[in-house]
Amino acid sequence: MDILNDVNAIFRDVLENDDLVITPDTTSADVEEWDSLNHIQLVVSIEKHFKLKFSANEIRNWKNVGEMCDAISLKLSA
Amino acid sequence: MQVGDKYQYEFEVSRETYDGFLGIFNDRNPLHTDKSFANSKGFKDVVMHGNILNGFVSYFVGELLPTKDVMIIQQEIKFHSPVFLEDTLSFSATQSAIFESVNAVEFKFEFINKNDNRKVAKGKLLIGLI
């Protein structure tokens, strides 16, 4: 499973930006539409898509998309 | 608030609600205001604005949930059958998910017309607990 590819599709859907390309280094500062309310929808969509649950502590320290994808990978392999 | 929690309420599409919606938003499309036009389109009377139901959803979130610390993040609604003046709608909402990571809960809801038991609309809500 290409987690980054799936996450990119989720970002495009939630942020309604079909041209968006994210990389592991992408942060919310790099994407205009990635605001606090959209962040909630992104996390909800990720949890639904990958059928997993995060805690508030687990997502609090994500610094970029790469750390988000690492956390997803870790959950999926647990 | 737990998954499976169910809320029920009745809403009447009263003259006051209809007039208020017309007065505030000024959507006077003839489907909503001209009975002969509505008849010509196959409806028995003028059709109530679908977004009146969104106002009822707002009441559910703001007034019927056990906490006032709420904010609508996302709302989807699909309309299935028309609503007419003074119809009474049975509203039910069930909590379908909780997302502790972002302090949000999801509800699925539907409106049933009590006059004929037809499903009027159904939808989904994502609510942030602020």
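Chain naming here is simple, since letters A, B, ... match the order of the sequence lines and numbering starts at 1 in each. The figures that follow rest on heavy atoms only: side chains count, while hydrogens, waters and symmetry mates do not.
- Residue-level contacts of residues 57-67 of chain A with chain B, in order of numbering, are A:Ile59; threshold 4.5 Å between heavy atoms.
- With a 6.0 Å radius and a threshold of 12 heavy atoms from other residues, nucleotides or ligands, B:Lys41 has its NZ atom at or below the threshold.
- In B:Lys122, the NZ atom is not crowded: 12 or fewer heavy atoms of neighbouring residues, nucleotides or ligands sit closer than 6.0 Å.
- No single ILVMFWY cluster, assembled from side-chain heavy atoms under 4.5 Å apart, contains both B:Leu65 and B:Met71.
- Rounding to the nearest 0.5 Å gives a distance of 11.5 Å between CD1 of B:Ile73 and NE2 of A:His39.
- At most 12 non-hydrogen atoms from other residues, nucleotides or ligands lie less than 6.0 angstrom from CD of B:Glu100.
- Both B:Phe111 and B:Tyr18 are assigned to one and the same hydrophobic cluster, defined by single-linkage of ILVMFWY side chains at heavy-atom distances under 4.5 Å.
- By the criterion of side-chain heavy atoms lying less than 4.5 angstrom apart, applied directly or through intervening Ile, Leu, Val, Met, Phe, Trp or Tyr residues, A:Phe11 is grouped together with A:Phe54 in one hydrophobic cluster.
- No path of Ile, Leu, Val, Met, Phe, Trp and Tyr side chains, each step under 4.5 Å between heavy atoms, connects B:Val47 with B:Val120, placing them in separate hydrophobic clusters.
- Considering CD1 of B:Ile72 and CG of A:Leu37, their distance stands at 12.0 Å, rounded to 0.5 Å.
- No donor-acceptor distance shorter than 3.5 angstrom exists from the side chain of A:Lys53 to the backbone of B:Ser101, with no hydrogens or angles considered.
- When heavy atoms are compared at a cutoff of 4.5 Å, B:Ile98 approaches chain A solely by way of its backbone atoms N, CA, C and O.
- By the rule that hydrophobic residues join a cluster once side-chain heavy atoms approach within less than 4.5 Å of another member, A:Val14 and A:Leu4 end up as members of one cluster.
- Annotation: side chain of A:Val44 is not in contact with side chain of B:Gln74 (no heavy-atom distance under 4.5 Å).
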